[in-house]
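First comes the structure, then the notes that go with it.
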There are 2 protein chains.
Amino acid sequence: MNKKSTEEKILQAAETEFIENGFKGARMQAIADRAGINKALLHYYFRTKEKLFEVIFRTVFKFFVPKMFNVFEREDLDIFEKIRIFVSEYINLIVKNPHIPGFIIHELSSKKSNIGKLFAEQNIDVDLFRRLINSEIEKGTIKDIMPEQLIINIIALSVFPVIAEPIATGVLFDGDEKKYQAMLKERDKHVADFIINSIKA
Amino acid sequence: MNKKSTEEKILQAAETEFIENGFKGARMQAIADRAGINKALLHYYFRTKEKLFEVIFRTVFKFFVPKMFNVFEREDLDIFEKIRIFVSEYINLIVKNPHIPGFIIHELSSKKSNIGKLFAEQNIDVDLFRRLINSEIEKGTIKDIMPEQLIINIIALSVFPVIAEPIATGVLFDGDEKKYQAMLKERDKHVADFIINSIKA
DNA sequence: GTCTATAAGGTGATAGAC
DNA sequence: GTCTATCACCTTATAGAC
């Protein structure tokens, strides 16, 4: 029935446990339980909690942070279409994995480890994005704007409502989870409109 | 020299420790050390780690979440000035306390406790904000927009770059902390412009 | 590779003297 | 109120049998 190798089972169990509880909150026993094995085997495969965490974090990070910029390389779309597609796809990705951004942010803030490497490994082509934006400004299709500020805005508008879900639900929707979900459903269109309205020349 | 009462010293030490390490990562011993007392005294004043945390979280939460809407009550400002002031003051507040938003978000996501009360205690007047926005839409000063979406946008644009500092610095500024700080310095003006450009009719 | 048993050290919490 | 000493439990990690 279960053809997954032990290592795969461990990795999947660890990912769930770490994302749910963070590094400090995660328990090796809980990971073993989720994987249907015992603690000793965990250490046989990954020696320490730290090492296991590093593998998981790397995977999650590489899955989430990059490839955000892929859309912007396509030459068949204008800048506004690119933004629409990016926002839509990214929000969709986050809604399906709502705890991952918070996990990454929290662990990056509380770890002093050599995460510097992780960014280097991603080779995200920010320069491509910079050139694109600057060229659009020169062409006169969008207003003058710092490319870094713009990309932060796009990510912020997409990610924040999901990681701040409890606050948003509590403050804005009186604890009504359904109203929050309704807002989120319209979010991709709203965000794209909001951005485009702002930058369109 | 130190006129602070023991209770005050504990509270301040606990706030630092909890914000820095989260509930699960915080250590009662570390709090005692920071306060210059011993563990036993900690329990004498606050019985359990859980109870001490609740006091801290309440304080931080009440300090941070509300009073955001105060600006919008002033009648001597137009909607755009209100937004400028709010963004400027809120970003300023966050930059001075950069770890607090992440702390609140993380603890709210990982606690199932009866936080519902906290929101009720704040009696934030979201309706005031709703009425203000809707009235401006009717007057024709701003475009049609859902007040909830707008307030989320304003908070997201203000808060996100600070809580995602390691990622922003790593991905956008090649690890150069100074470039990140420079971006942040212009952030309040940029955000206000970005929002106003978007919603101005 | 996988298990049971256990070591070694930490952590929240309390007892009891002052 | 404040301290020292200590308990009871939990957590990571390893030893050693199979």
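Predicted model only: the values in this text are computed from it and were never measured. The sequence lines fix the lettering, A, B, ..., with proteins before strands; numbering per chain opens at 1.
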In whole angstroms, the gap separating P of dG12(C) from OH of Tyr45(B) amounts to 20 Å

Output the rounded distance in Å from CD1 (Ile10(A)) to P (dG1(C)).
11 Å

Atom CD of Glu8(B) to atom P of dG1(D): distance rounded to whole Å?
13 Å

Side-chain donor-acceptor pair under 3.5 Å between Gln29(B) and Asp33(B), yes or no?
yes

Report yes if at least one side-chain N or O of Arg47(B) is closer than 4.0 Å to OP1 or OP2 of dG12(C); otherwise report no.
no

Atom NZ of Lys51(B) and atom P of dG12(C) are separated, to the nearest Å, by 16 Å

Please tell me if the side chains of Ile94(A) and Ile100(A) come closer than 4.5 Å, counting only heavy atoms from C-beta onward.
no

Find the distance between CD1 (Ile152(A)) and CZ (Arg187(B)) and round it off to the nearest 0.5 Å.
5.5 Å

To the nearest Å, give me how far apart CD (Glu17(B)) and C1' (dT11(C)) are.
13 Å

Remember a base hit wins even if backbone is also touched, and classify Ala26(B) as base, sugar-phosphate or nothing at under 4.0 Å, heavy atoms.
sugar-phosphate

Separation of atom NZ in Lys49(A) from atom C1' in dT11(D), rounded to whole Å
8 Å

Walk me through whether Asp193(A) and Arg84(A) qualify under salt bridge (charged side-chain N to carboxylate O under 4.0 Å, His left out).
CA-CA 8 Å; Asp193(A) 287 342; Arg84(A) 280 197 190 282; 2.9 Å; yes

Using 30° and 60° as the class boundaries, would you call the ring planes of Phe86(B) and Phe72(B) parallel, tilted or perpendicular?
tilted

dT2(D) OP1/OP2 closer than 4.0 Å to side-chain N/O of Thr6(B)
yes

For DNA chain D, which residues of residues 35-44 of chain B approach it to below 4.0 angstrom with any heavy atom?
Ile37(B), Asn38(B), Ala40(B), Leu41(B), Tyr44(B)

What is the separation between atom CG on Asp33(B) and atom P on dG12(C), rounded to the nearest whole Å?
12 Å

Side chain to side chain, Ile155(A) and Phe160(A), heavy atoms closer than 4.5 Å:
no

Does dT12(D) have OP1 or OP2 sitting under 4.0 Å from an N or O in the side chain of Arg27(A)?
yes

Compute both the distance and the angle, then confirm whether Lys111(A) meets the cation-pi test with Phe57(A): under 6.0 Å from the six-membered ring centre, within 45 degrees of the axis.
no

Distance in angstrom units between Asn21(A) CG and dC10(D) C1', rounded:
15 Å

